[in-house]
Structure formats: C-alpha cells, structure tokens
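Every chain is numbered from 1, with letters handed out A, B, ... down the list of sequences.
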Protein chains: 2
Amino acid sequence: MTNHSATLDRAFQALADPTRRAILARLGSGPASVSRLAEPFTMAMPTLLQHIRVLEQGGLIGTEKVGRTRICALRPDALRETEGWLARQRAAWEGRLDRLDAYLLTMKDATDES
Amino acid sequence: MTNHSATLDRAFQALADPTRRAILARLGSGPASVSRLAEPFTMAMPTLLQHIRVLEQGGLIGTEKVGRTRICALRPDALRETEGWLARQRAAWEGRLDRLDAYLLTMKDATDES
DNA sequence: TGGTTACTAAGCCATATGACTAACCATTCC
DNA sequence: GGAATGGTTAGTCATATGGCTTAGTAACCA
C-alpha cells in the first residue's frame, strides 16, 4: 500500500550496517542498556550510541531513559513494514499474487497480536 | 543460516534509496534498458547509471550488454536472502519459531521453481 | 561515410556517514 | 560530599554517496 519513501529509506539504511544488524539480533533476546549492547564491540561508546540513534530514527528500536541508563528494545512494526515491501516486490516479479496473499495473512496474524 | 555481512550490507544499502527502489519496482514488470529505466526520472544519465551499478553490486539486478544497449533484469535470489534475514529476525523476536517455519516453506517453494 | 543513439569514463562538488577523542552532565554508591 | 558509573555533547577527520558536467566510445542507421 503505502510506499513511505523516507521511512523505508531510514529503515533500510539502518539495516545496511553489520554493527546495527548485530545490535538488532542482540535485542532479539530482550531489551538491553546501551553499555550492555556495547560489550561485544571494540568501538568507542559515542560511536555505538550513534548507531543506536540511527536504529531509533529508522523506527527499528525504541529507547527509554531509566535512571542513568538507557534501555533499548525492538519495535517490530517498522521491520514488518520493511519486510512487507520486499514481499510485495518479490510477489510482483514472481508474477504470483497468491504468495503475497499468504504472506499478508502472516502479517495480519502478527499485527493482531501486537 | 549464513549471515554474509558484506552481501547484506550492499543489498540493504542498495534498497535504502527511493530511486533505486523505483527502478526495482519498474523492473518488476520485466527487463529494461538503461535509457528506458531513466525515462521517469529527471536526473542525468550517469547518475542513474551509478544507481544501476549499486543495484548490481548489491546483487539485486543483473545486466547484460546487447549491442549498444544494456539490459537490466531482476535477480530474485538476493532479495530472497535479504527478506530471509528480516523474517528470521522477526521470528526470533516474536519468540515464535512456527512463523519462521511457515515462512521458510514459502521460501523453499519459491527456490524450487527458480 | 557520417550522424545519431546509447552508454561510459573522468572529474568535480556538497553533504552524509562512521569512526575517534576529550570534555561534560547526571545518577548511584561509599 | 566525593568518586565511580553510564551516558551524552561537541568537535575533528577520512571516506562514501549522490548529484552534476564534459567528453568520450561503440553500435546502428541513412
């Protein structure tokens, strides 16, 4: 449906970096603080914080300040929209709308529960 | 499975631009020459060619020189891999592997036919 | 052969990105 | 209160990106 260019831009841009994808993967097992997220990486904190902001602006994660720590958590919605764009494209160029239908059912399921 | 960082980097990067997504959408209805793809845009040819190269390096399209024209066509494989990464993430953070299973079945279907 | 068409190459420019350091809040703990 | 912890701001730097122009080269057409 909607082809929110700017939103998709930021989402895909956010995904186009291994550090940020690793952060997302890490957040898959639950929310975490910034310093917790920084642990596996060798980079300086401000650098990592920048990545976190990119993810946030891409709508992929949400953050909240709790005391002196900032907690980061996934926001499935944007990912679902991103995935939806891909699925739509794929369905189009595979010339089989039935596959899209199947996918959209999955999406609907997931949305209903969120 | 595989988490080809560099490949995903380039694929997502290629998708992070509305011009390039428009090109992909256009190619959804069949292969086209560079100048054909350029028609809807106001930008100069070299600029558009650059976008095409980004798409090609991201594995999303393939091109072939035919006489003096270059024909561009979609390459569903990379998109499927990209979509797969997203689906895997979503499945993980939704804590429901059954949904991933359903998705992988779809993928398998599509691959069998390609 | 000579012109037009379709792409390519080279180089320039402005802005964005990803990294760093150093310094600065704002909690929390002793 | 003073120190440690967790994050943030500001500023620098190198490279990448996305746009342009100008000038080619390689088919095809008359």
- Message: Using the rule given for side-chain contact (heavy atoms from CB on, under 4.5 Å), can you reason through A:F12 versus A:L86, listing the C-alpha separation, both sets of side-chain angles and the distance that settles it, and then say yes or no?
- Response: CA-CA 11 Å; A:F12 279 127; A:L86 288 177; 4.3 Å; yes
- Item | Short side-chain N/O contact to D:dC20 OP1/OP2 from B:T47, under 4.0 Å | yes
- Item | Whole-Å gap separating P (C:dC7) and NE2 (B:H51) | 16 Å
- Task: Treating Ile, Leu, Val, Met, Phe, Trp and Tyr as nodes and any side-chain heavy-atom pair under 4.5 angstrom as an edge, say whether A:L49 and A:I61 lie in one connected cluster.
- Result: yes
- Query: If you look at every strand shown and take non-hydrogen atoms under 4.0 Å, does B:S33 touch a base, only sugar-phosphate, or nothing?
  - Reply: sugar-phosphate
- In whole Å, what is the span from the CZ atom of A:F12 to the C1' atom of D:dG18? 19 Å
- Note on the structure: The residue, A:T42 or A:G67, whose nearest nucleotide of DNA chain C is more 5′ is A:T42
- Below 4.0 Å: OP1/OP2 of D:dT8 and any side-chain N or O of A:R70: yes
- Of the nucleotides D:dC20, C:dA19, C:dC7, which has the atom closest to the A:M43 side chain? C:dA19
- Task: Among B:L15, B:L24, B:T19, find the one that has a side chain to side chain contact (heavy atoms under 4.5 Å, CB included) with B:L55.
- Result: B:L24
- Rounded distance (Å) that lies between atom C1' of C:dT5 and atom NZ of B:K65: 12 Å
- Query: Applying the 4.5 Å side-chain criterion to the ILVMFWY set and letting contacts propagate, would B:L27 and B:V54 be lumped into a single cluster?
  - Reply: no
- Query: Given C:dT5, is OP1 or OP2 found less than 4.0 Å from the side-chain N or O atoms of B:S35?
  - Reply: no
- Would you mind reading off the distance between A:M45 atom CE and C:dC24 atom P, rounded to a whole angstrom? 18 Å
- Note on the structure: Comparing A:V66 with A:D17, nearest DNA chain C nucleotide closer to 5' gives the residue A:D17
- Whole angstrom value for the distance that separates P of C:dA19 from CD of A:Q50: 8 Å
- Residue B:P46, side-chain heavy atoms: nucleotide from D:dG18, D:dC20, D:dG7 that is nearest: D:dC20
- Is it true that A:R70 and A:E64 make a salt bridge, defined as a side-chain N closer than 4.0 Å to a carboxylate O? no
- Item | Interatomic distance where CZ belongs to A:R53 and P belongs to C:dT17 [whole Å] | 14 Å
- Nearest-nucleotide comparison on DNA chain D, the residue closer to the 5′ end among A:R68 and A:Q13: A:R68
- Message: Distance check needed: D:dG6 P versus A:R36 CZ, whole Å only.
- Response: 10 Å
- To the nearest angstrom, the CG-P distance between A:L49 and C:dC20 comes to 13 Å
